[in-house]
S.K.: 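Sharing a structure, written as structure tokens. Questions coming.
Counting convention: from 1, in listed order, for ligands and their atoms alike. Because the structure is a prediction, the values reported are computed rather than measured.
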Amino acid sequence: MISKYTGIAPKGDLILLQRLGEIFRDKSFLHVNSTRAGGGVAEILQRMIPILQDLGINARWEVIEGDERFFDITKKIHNALQGNHETITEEMWRHHYEVNRRNAEKLDLEADAVLIHDPQPAPLIEFKPQGGEADRVPWLWRCHIDVSNPLQEVCDYLRRYCEKYDAAVFSVSKFARAMSIDEFIIPPSIDPLSEKNRDLTEEEIRQTLERYDIPADRSIILQVSRFDRFKDPIGVIKAYRMVKKYNDCILILAGSPASDDPEGEIVLNEVREYASNDPDVHILLLPPFSDRDINALQRSATVVLQKSIKEGFGLTVSEAMWKGKPVIGGATGGIPLQIVHGFTGFLVHTPEGAAFRIRQFLNNPHMVEKMGQRSKEYIRTNFLITRQIRDYLSVWYAIKNNGKSVYEL
Ligand code: UDP
């Protein structure tokens with residue numbers, strides 16, 4: 001399987017992966033998150049687990065279960081970590097802990113290395129198997145969200161759990177907090193061979209457009225995102241309206257629900273209302289696992305937007321760039337890692353800024369093509385899944401010595 005990436009991913013990454021695979025052959029590597037579908041974390045895990053297995057590593061992916069209340073609480077925690085004012089009471093934190101305790105009873109947490117994703121399952125560290133070999137198993141906490149400016153008390157509470165891990169992994173260096181444990185920066189990545197990113201035929205693209213009743217002969221502005229206020233779908237519609245006064249175009253907002261995001265429906269209704277039956281605004285509610293359709297939509301777009309106000313990383317940016325699309329993205333979180341302003345796309349702060357850049361692209365097809373080509377190469381070098389697996393295994397290698405910092409060895 002890894003050989004399939006030859007000629008696609010950087011050769012150096014493949015050599016390192018092979019070597020790390022030999023080192024960790026038959027070792028078990030457990031990942032735990034809170035949803036199997038929807039959002040970037042599930043997207044990456046779906047692709048990463050089989051590749052790890054192909055390298056000879058016994059990789060497993062477990063998902064914690066929770067009631068509605070649990071996901072309401074964890075969404076609030078998520079929003080607070082991204083800077084919103086939310087109140088998380090002691091009682092809510094207890095429920096968060098309690099749900100994790102129940103999950104720990106059911107889940108098999110024995111492994112040679114454990115990577116826990118995001119705040120939802122963070123309390124699992126309290127139930128780390130103890131004694132003998134288990135004491136030497138590195139437990140890593142992986143934070144995918146934009147914690148550059150969090151609500152302090154929520155951050156402090158969560159830190160009680162996080163600092164019990166052997167190390168923390170963040171996507172962007174400015175998210176790293178001053179913590180008592182080692183911290184690593186590992187940006188997320190996309191799989192160029194997945195159904196979402198593989199090359200498509202013209203016919204496959206046409207079929208998707210036809211299915212969603214989208215005209216193929218007009219300029220398409222696209223944003224693919226969960227319906228979440230941090231993704232600023234309303235700002236996207238505002239930008240589109242400004243553009244529309246001068247350029248003919250249609251707007252597609254494509255999203256699907258994530259089982260750990262209870263706010264999606266409310267935001268979707270707000271967006272529908274704001275779009276107010278404009279026949280050129282296509283709000284597509286895609287079923288989970290609509291990978292090929294998303295691929296086709298991204299390939300059919302003239303300009304792709306990711307106008308987030310807060311963004312852990314924004315896989316959708318890399319996905320579109322890999323397809324040779326220049327992306328206009330909010331200058332926030334992980335987006336500036338991917339968009340080199342004026343070279344692979346544009347960073348914006350307002351709907352006005354987005355509208356200005358959309359028009360610049362619509363009026364300059366040559367610029368679209370040139371920036372699109374650079375975008376693809378930029379993703380190849382920096383944001384393919386082979387690089388991310390290389391990084392995870394390198395961290396495991398670095399801290400496997402009794403969970404001690406390499407500096408203390
Ligand atoms: N996605 C999807 N269906 C949708 C909307 C998004 O499959 O309707 C995918 C998208 O292609 C990307 C991931 O979900 O792979 C979203 O990751 P991102 O990092 O952009 O945002 P998150 O949802 O994790 O905040």
Side-chain angles (χ1 to χ4, degrees), residues 33-48 71 74-75 78-79 81-82 117-120 142-147 170-172 175 186-198 200 208 212 222-233 236 252-265 267-268 271 282-299 301 304-323 325 327-330 332-339 379 383-385 388:
N33 81 324
S34 60
T35 178
R36 260 194 213 280
V41 181
E43 173 77 21
I44 294 170
L45 287 174
Q46 267 159 34
R47 302 302 305 176
M48 186 175 285
F71 288 113
T74 56
K75 181 71 188 186
H78 176 109
N79 288 346
L81 290 173
Q82 297 210 132
H117 296 260
D118 281 338
Q120 296 93 331
R142 206 301 181 213
C143 177
H144 292 268
I145 53 193
D146 183 342
V147 283
F170 295 91
S171 295
V172 183
F175 298 169
I186 303 181
S189 61
I190 61 160
D191 185 348
L193 301 182
S194 67
E195 192 63 11
K196 188 168 281 171
N197 296 311
R198 70 169 174 91
L200 292 182
T208 295
Y212 289 103
L222 169 73
Q223 175 157 302
V224 176
S225 277
R226 288 180 295 107
F227 289 96
D228 179 323
R229 293 190 190 100
F230 285 126
K231 311 279 185 186
D232 199 17
V236 170
I252 303 176
L253 288 167
S256 51
S259 61
D260 60 350
D261 180 0
E263 271 176 3
E265 207 174 308
V267 178
L268 172 64
V271 172
H282 297 252
I283 298 169
L284 308 184
L285 195 57
L286 305 175
F289 307 112
S290 301
D291 291 4
R292 190 191 303 181
D293 284 340
I294 290 174
N295 189 342
L297 291 172
Q298 287 168 330
R299 288 181 192 278
V304 174
L305 293 193
Q306 190 54 58
K307 218 209 87 36
S308 306
I309 297 162
K310 288 273 177 180
E311 188 61 78
F313 180 70
L315 280 182
T316 50
V317 175
S318 280
E319 287 164 7
M321 288 173 71
W322 178 249
K323 291 159 187 121
K325 303 294 168 179
V327 180
I328 299 169
T332 186
I335 294 179
L337 280 188
Q338 303 168 76
I339 298 178
I379 299 307
F383 298 113
L384 295 188
I385 196 159
Q388 194 183 358

S.K.: Let me know which of Ile186, Asp146, Leu337, Val147 forms a side-chain contact (heavy atoms from CB on, under 4.5 Å) with Val172.
M.R.: Leu337
S.K.: If you define the side chain from C-beta out and look only at heavy atoms, does anything of Ile328 sit under 4.5 Å from Val304?
M.R.: no
S.K.: List by chain and number: which residues place a heavy atom under 4.0 Å from ligand 1?
M.R.: Gly39, Gly40, Glu43, Lys196, Val224, Ser225, Arg226, Lys231, Gly255, Ser256, Ile294, Glu311, Gly314, Leu315, Thr316, Glu319
S.K.: For Asp228, check salt bridge (charged side-chain N to carboxylate O under 4.0 Å, His left out) against everything at least two apart and list the hits.
M.R.: Lys75, Arg226
S.K.: Do Gln120 and Thr74 pair up side chain to side chain, a donor and an acceptor below 3.5 Å, judged on atom types alone?
M.R.: no
S.K.: Any chance you could lay out the salt bridge (charged side-chain N to carboxylate O under 4.0 Å, His left out) test for Glu319 and Lys325, step after step, and finish with the verdict?
M.R.: CA-CA 9 Å; Glu319 287 164 7; Lys325 303 294 168 179; over 6 Å; no
S.K.: Hey, are the side chains of Gln82 and Glu311 touching, using non-hydrogen atoms and a 4.5 Å cut-off?
M.R.: no
